[in-house]
Amino acid sequence: MRYLPKSPADREAMLKAIGARSIDDLFAPIPAEYRLNRDLKVPRQMAESEIVDWFRERSRENGEAYVTFLGAGAYYHYRPVIIDSLISRGEFLTAYTPYQPEISQGTLQSIFEFQTMICELTAMEVANASMYDGSTAAAEAATMACRVTGRNAVAIARSVHPEYREVLATYAHHQGMPLATVPFTDSGRVNLNELDKAITPDTACVLIQSPNFFGTIEDVAAIAEVAHKHGAMLVVSIAEAVSLGIVEPPRQADIIAMEAQSFGVPLTFGGPYCGVIATREKYVRQMPGRLVGQTTDRNGKRGFVLTLATREQHIRREKATSNICTNQALIALMANIFMTIYGKVGLRELAKQNLAKAAYAAQEFGRHAKVLFSGAPRFNEFVVQTSEDPYAINGRILQHKIVGGLPLKKFYPELGNAALWCCTEMTTRAAIDTAVKSVAESERIAKSVKEPADVQEVAR
Amino acid sequence: MKHVTRKATRHVNQNEGLIFEKSSPGKAAWKLPPLDVPEVDTAELLGPSERKDLGNMPEVSEIEIIRHFTRLSTWNYAIDLGMYPLGSCTMKYNPRVNEVVSRLDGLANGHPYQPEKISQGALRILQTLSECLIEITGMDAITLQPAAGAHGELTGLLMVRAYHQSKGAPRKKILIPDSAHGTNPATAAMVGYAVENLKSNAQGMVDVAALASQMNEEVAALMLTNPNTLGVFEQEIHKIADIMHAKGGLLYMDGANMNALVGKVRPGDFGVDLMHLNLHKTFSTPHGGGGPGSGPVAIKKILEPFLPTPVVITKPDGSLGFEYNRPQSVGRVRAFYGNFGMFVRALAYTLANGPDGLRQTTEDAVLNANYIRKGLEGVYDLPYSTPTMHEVVFSDKVQAKKGVKTMDIAKRLIDYGFHPYTTAFPLIVPGALMIEPTESEPKEELDLFIEAMKSIAEEVEEDPQMVLAAPHTTRVSRLDETAAARKPVLRWKP
């Protein structure tokens with residue numbers, strides 16, 4: 001086996017040194033009746049070339065070279081090539097959690113820079129080293145709010161990513177955390193009156209997403225006012241990190257739970273991604289996850305260490321703030337490099353292109369079908385309502401090697417034939433025009449079929 | 001340094017400040033293509049939601065970024081540089097073909113919501129890996145959704161709870177041996193269970209009599225690491241399983257140490273009802289400085305209705321798809337389907353090994369740990385003489401008499417060119433040195449390690465100060481962790 005660095009003679013010599021007759025001696029502690037005396041039924045050992053071929057085949061079966069209008073929590077942005085060249089360095093790739101700071105300063109300093117940039121972008125005072133992803137970060141932020149406030153209920157907006165809501169429901173179920181769902185208005189934003197009614201003296205936090213699942217930017221200040229009036233915290237989930245380049249960060253939030261996938265992390269069929277929690281300094285001791293802090297060595301030289309570990313499971317065991325241990329360091333490094341590349345000016349320009357593409361697409365779709373939630377600003381996603389089932393329309397668009405918007409029936413049946421479309425800097429005008437043409441054609445046919453019925457309706 | 005190490009030598013590496021300290025207006029490492037749609041008036045579109053300023057985000061050029069991160073990387077130790085015997089972490093070689101195949105266009109750019117029709121490749125990978133892991137663990141079904149080992153524990157205990165609930169009541173307690181990882185009790189607390197500690201016996205194994213007396217109808221499950229954190233196989237595992245099952249409890253196995261078992265014995269065959277695996281340990285996906293991990297949970301048939309949604313199924317037409325309609329499911333533990341990129345790597349590793357390679361891997365891992373044990377026995381105190389599987393735990397009892405603790409020995413090991421072992425864990429061994437070499441170490445590297453550890457033991461006798469002041473060869477000496485925690489500086493400020 002090519003990964004194993006021993007010759008038969010090495011093994012012999014080692015067994016001899018140990019005083020064992022054969023390797024079986026070393027497995028004697030396993031009761032004989034349980035030992036596996038056959039080969040595992042897994043595929044035979046393959047050559048590297050065969051492995052590459054096998055996965056190339058899978059890649060070809062997996063939408064290779066399709067253009068996508070899908071977003072919904074996973075965004076297709078350009079990834080500058082130096083991200084992969086740098087994260088492929090073995091010193092980053094094949095190290096572990098920096099438990100020994102003297103030989104881990106590379107990882108530690110890069111996390112410190114990551115924490116700093118997340119703070120700059122979110123306007124928060126502290127950020128952790130990463131969480132698994134945006135969905136679990138949101139759930140952990142909600143449980144953190146419960147610890148801070150000593151309350152245990154959560155009011156969550158229906159405009160939060162439906163799968164994030166499902167994850168929160170899973171986490172909440174056994175922690176005695178009642179959830180109230182707050183509806184959205186015709187503008188796609190949180191319904192403030194309903195929010196006010198949903199908050200009880202037991203509500204630890206209000207959890208919203210902005211831009212929300214429909215791409216709509218929430219009125220964070222107004223929501224914060226309602227939440228804070230009742231003594232509840234405001235947790236804001238940000239699923240599309242690129243929005244932070246042009247959209248005002250939720251400064252009124254108490255905790256921000258982010259998904260940083262948009263910052264240079266490939267889609268990879270849903271993961272690994274990079275969650276982050278950012279908050280106010282005063283709440284840092286209730287925060288889950290690893291934190292890197294600056295300190296000095298015995299000679300007064302600047303250095304970095306993992307810190308505030310007394311919150312964590314390996315010290316506190318069942319009293320820890322979370323059970324989180326290994327998280328997403330390498331993915332955070334991708335995001336870190338991405339943020340460094342685009343920086344202060346590039347992130348704004350990148351976000352502006354996203355805004356422009358989505359604005360153009362929404363306008364073009366709007367000529368033929370109904371674009372919902374036009375009463376509030378949006379970033380790079382929008383909802384199009386059609387006469388025909390969007391699955392059928394998407395089926396035709398797929399023939400152009402284009403994946404249409406996400407049909408919303410599964411998550412929001414009340415929106416009827418609606419689909420969530422996303423445009424990024426990668427979406428070309430040509431692709432937008434092709435998709436719009438398909439929707440226009442569908443509407444034209446639907447109207448010509450429907451017309452007689454409409455006439456009858458009027459006649460009656 | 002009294003004993004000159006054969007493994008490492010000092011060499012120049014570059015100083016490097018924080019990236020913010022290099023920033024100046026007008027430098028850039030990005031370039032966007034020309035916009036092919038009309039420009040927009042951001043103020044008009046966004047109104048008060050428009051962001052005007054990005055604060056202290058850096059402005060630097062591409063070569064500066066390359067140098068910055070390359071320089072930082074040279075300050076890290078890594079498996080690629082040498083042995084990384086961090087006990088319980090299974091720091092094995094991360095094959096490079098895994099990285100190549102995970103970056104193939106259709107896999108790296110596959111969107112989680114793209115139609116199933118054009119997701120057959122990804123679904124096939126999910127299914128094939130699932131089948132391999134089910135066979136390796138001897139279980140009946142699996143979920144790949146959990147993002148890490150601790151997340152797998154959470155998922156597993158949610159299923160335990162749902163199972164007991166379906167029988168009438170969720171029960172109240174989880175039994176956890178005192179040698180367990182800290183994630184076990186932390187997870188039990190997250191799922192609303194009380195934790196009851198289980199004492200180990202003189203051999204470092206579960207005290208079966210104590211278990212029998214503590215087990216009752218209030219206990220939902222036992223969370224057992226096997227081999228345990230001492231590297232010891234629980235020889236009375238069949239009795240343990242029987243005791244749990246007789247009172248309706250479940251046996252959960254923390255699979256952190258699965259590298260000692262693959263191809264030699266299957267947890268499903270010795271009575272385990274559910275277990276998580278760590279793909280970043282046993283299945284070679286890179287540790288990446290602390291993640292991403294992946295923590296699939298393999299289960300017996302009785303727990304299948306409770307699996308998180310969605311589940312991969314074969315449809316009547318033979319194509320693969322996701323099934324969401326599972327009324328007894330514990331729900332979702334993560335958006336989408338889990339850390340797919342890690343599944344690709346773990347499967348590539350499994351295919352590269354095949355049944356013979358997987359077995360040989362396990363044998364070599366156990367051989368290496370026993371070789372180290374033999375080499376250091378008598379030099380360091382061995383608190384438990386029970387046979388060693390994939391890792392060996394010594395204590396600093398001998399050296400502590402000179403005032404030298406496990407952490408000091410660990411720091412000195414850095415000067416000899418090694419990453420330290422795990423210090424001060426498991427908690428049942430005061431001053432523990434927990435050493436897991438994995439199968440990836442050649443005999444030469446092991447000999448160097450043994451030589452280094454013996455040399456340090458000699459130094460402790462002759463010149464303890466040398467060890468107490470270590471490391472002597474690193475960029476920074478020991479860092480003030482107390483100050484870091486007392487007055488946390490968690491971000492750069494201008």
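All figures in this text were calculated on a predicted structure; none of them were measured in a lab. Chain letters run A, B, ... following the sequence lines, proteins first, then strands; residues in each count from 1.
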Worksheet item: Are the side chains of Phe69(B) and Ser110(A) in touch, meaning some heavy atoms are under 4.5 Å apart?
Response: yes
Worksheet entry | Atom group of Tyr66(A) that falls short of 4.5 Å from chain B, counting heavy atoms | side chain
Item to complete: Go through Lys411(B) and Glu102(A) one step at a time and tell me if the salt bridge (Lys or Arg N to Asp or Glu O under 4.0 Å) criterion holds.
Response: CA-CA 8 Å; Lys411(B) 296 296 186 195; Glu102(A) 297 88 349; 2.7 Å; yes
Worksheet item: Could you state the interatomic distance from CD (Glu120(A)) to CG (Asn56(B)), rounded to the nearest 0.5 Å?
Response: 4.0 Å
Discussion item. Is any side-chain heavy atom of Ile30(A) closer than 4.5 Å to one of Phe270(B)?
Written reply: no
Worksheet entry | Exam field: side chain Glu113(A) to backbone Ile19(B), donor-acceptor pair closer than 3.5 Å | yes
Discussion item. Under a 3.5 Å distance rule, please check whether Thr474(B) uses its side chain to pair with a backbone N or O of Ile103(A) as donor and acceptor.
Written reply: no
Practice prompt. Determine the option with the most heavy-atom pairs under 4.5 angstrom with chain A, choosing from Ala148(B), Pro420(B), Ala78(B).
Written response: Ala78(B)
Worksheet item: With under 30° as parallel and over 60° as perpendicular, where do the rings of Tyr96(A) and His287(B) fit, or are they tilted in between?
Response: perpendicular
Response to the item:
Pair count under 4.5 Å, heavy atoms only, with chain B: among Leu350(A), Val403(A), Ile23(A), Asp10(A), highest is Ile23(A)
Item to complete: Go through Leu86(A) and Ile65(B) one step at a time and tell me if the side-chain contact (heavy atoms from CB on, under 4.5 Å) criterion holds.
Response: CA-CA 9 Å; Leu86(A) 290 170; Ile65(B) 298 173; 4.2 Å; yes
Worksheet item: Side chains of Thr107(A) and Asn76(B): is there a donor and an acceptor less than 3.5 Å apart?
Response: yes
Worksheet item: Hey, does the side chain of Arg51(B) reach the backbone of Leu244(A) with a donor-acceptor pair shorter than 3.5 angstrom?
Response: yes
Worksheet entry | Check: Leu36(A) and Lys264(B) side chains under 4.5 Å, non-hydrogen atoms | no
Item to complete: Side chain from CB out, backbone as N, CA, C, O: work out which of these in Phe92(A) comes under 4.5 Å of a heavy atom of chain B, or both, or neither.
Response: both
Worksheet entry | Interface residue of largest heavy-atom contact number with chain A, from Ala122(B), Ser102(B), Pro488(B), under 4.5 Å | Ala122(B)
Worksheet item: Side chains of Asn368(B) and Lys6(A): do they bring a donor and an acceptor to under 3.5 Å?
Response: yes
Practice prompt. Measure the shortest side-chain to side-chain distance between Ile82(A) and Glu62(B) over non-hydrogen atoms and say whether it is less than 4.5 angstrom.
Written response: yes
Discussion item. For Asp356(B) and Arg44(A): C-alpha separation, side-chain torsions, deciding distance, then whether salt bridge (Lys or Arg N to Asp or Glu O under 4.0 Å) applies.
Written reply: CA-CA 8 Å; Asp356(B) 44 343; Arg44(A) 65 156 175 88; over 6 Å; no
Fill in: Modelled atom types, side-chain donor and acceptor of Ser73(B) and Arg89(A), under 3.5 Å
yes
Worksheet item: Where on Leu398(A) is there a heavy atom nearer than 4.5 Å to chain B: the side chain, the backbone, both, or neither?
Response: side chain
Discussion item. Is there a side-chain contact (heavy atoms from CB on, under 4.5 Å) between Gln120(B) and Asn62(A)? Walk through the geometry before answering.
Written reply: CA-CA 6 Å; Gln120(B) 292 300 305; Asn62(A) 213 59; 5.9 Å; no
Fill in: Leading residue by heavy atom contact count with chain A [cutoff under 4.5 Å; candidates Leu351(B), Val101(B), Val97(B)]
Leu351(B)
Worksheet item: When you measure from the side chain of Glu135(B) to the backbone N and O of Leu40(A), does any donor-acceptor pair fall under 3.5 Å?
Response: no
Worksheet entry | Part of Thr340(A) within contact of chain B (heavy atom distance under 4.5 Å) | both
Discussion item. Quick check: closest heavy atoms across Cys132(B) and Pro43(A), and the distance to 0.1 Å?
Written reply: SG-CD, 3.8 Å
Discussion item. Report which part of Leu333(A) has an atom under 4.5 Å of a heavy atom belonging to chain B: side chain, backbone, both, or neither.
Written reply: side chain
Worksheet item: Among Leu45(B), Asn370(B), Val191(B), Ile237(B), which has the most heavy-atom pairs under 4.5 Å with chain A?
Response: Asn370(B)
Worksheet item: Checking heavy atoms, do the side chain of Val247(A), its backbone, both or neither come under 4.5 Å from chain B?
Response: both
Worksheet entry | Asp269(B)/Arg35(A) salt bridge by N-O under 4.0 Å criterion | no
Item to complete: Please work out whether the ring planes of Tyr93(B) and Tyr3(A) are parallel, tilted or perpendicular, with thresholds of 30° and 60°.
Response: perpendicular
Discussion item. Among Arg475(B), Glu50(B), Arg124(B), His151(B), which residue has the highest count of heavy-atom pairs closer than 4.5 Å to chain A?
Written reply: His151(B)
Practice prompt. Could you check Asp480(B) against Arg298(A) for salt bridge (Lys or Arg N to Asp or Glu O under 4.0 Å), going step by step and ending with a plain yes or no?
Written response: CA-CA 7 Å; Asp480(B) 191 344; Arg298(A) 287 175 173 179; over 6 Å; no
Item to complete: Could you check which of Thr422(B), Val195(B), Thr42(B) has the highest count of heavy-atom pairs closer than 4.5 Å to chain A?
Response: Thr42(B)
Worksheet item: With a 4.5 angstrom heavy-atom cut-off, which part of Glu125(A) approaches chain B: side chain, backbone, both or neither?
Response: backbone
Worksheet entry | Under 4.5 Å from any heavy atom of chain B - which part of Ile341(A) | both
Worksheet item: Is there side-chain contact between Arg103(B) and Ser59(A), with heavy atoms separated by less than 4.5 Å?
Response: no
Fill in: Side-chain touch Gln360(B)/Arg11(A), heavy atoms, less than 4.5 angstrom
yes
Worksheet item: For chain B, which of Leu308(A), Val52(A), Leu291(A) has the most heavy-atom pairs under 4.5 Å?
Response: Leu308(A)
Practice prompt. Measure Arg2(A) against the heavy atoms of chain B and call it side chain, backbone, both or neither at under 4.5 Å.
Written response: side chain
Worksheet, complete the sentence: OG1 (Thr116(A)) and CE (Met57(B)) are apart, to the nearest 0.5 Å, by 10.0 Å
Item to complete: Could you tell me whether the side chain of Lys301(A) reaches within less than 4.5 Å of the side chain of Leu479(B), counting heavy atoms only?
Response: no
Worksheet item: So what's closer than 4.5 Å to chain B heavy atoms on Thr94(A): side chain, backbone, both or neither?
Response: both
Worksheet entry | Shortest non-hydrogen contact from Gln100(A) toward Ala410(B) | NE2-CB, 4.4 Å
Item to complete: Report yes or no: does Gln175(A) contribute a side-chain atom to a donor-acceptor pair with the main-chain N or O of Met190(B) at less than 3.5 Å?
Response: yes
Worksheet item: Taking the six-membered ring for Trp, are Phe336(B) and His161(A) parallel (under 30°), tilted (30 to 60°) or perpendicular (over 60°)?
Response: perpendicular
Worksheet item: So, for Tyr76(A) and His111(B), is the gap between ring centers shorter than 6.0 Å?
Response: no
Worksheet item: Is the backbone N or O of Pro33(B) less than 3.5 Å from a side-chain atom of Gln353(A), with the two atoms forming a donor-acceptor pair by type?
Response: yes
Discussion item. Please find the pair of heavy atoms, one from Pro292(B) and one from Pro272(A), that lie closest to each other, and give the distance.
Written reply: CB-CB, 3.6 Å
Worksheet item: For Asn327(A), is it the side chain, the backbone, both or neither that has a heavy atom under 4.5 Å from a heavy atom of chain B?
Response: both
Discussion item. For chain B, which candidate among Gln115(A), Glu48(A), Gln109(A), Met117(A) shows the most heavy-atom pairs at distances under 4.5 Å?
Written reply: Gln109(A)
Worksheet item: Under a 4.5 Å heavy-atom cutoff, which of Val126(A), Ile324(A), Val345(A) has the most pairs with chain B?
Response: Val345(A)
Worksheet, complete the sentence: Honestly, the part of Ala169(A) sitting under 4.5 Å from a heavy atom of chain B is neither
Worksheet item: Non-hydrogen atoms of chain B under 4.5 Å away: do they reach the side chain of Ile246(A), the backbone, both or neither?
Response: both
Discussion item. Heavy-atom cut-off 4.5 Å, strictly under: side chain, backbone, both or neither for Thr428(A) against chain B?
Written reply: both
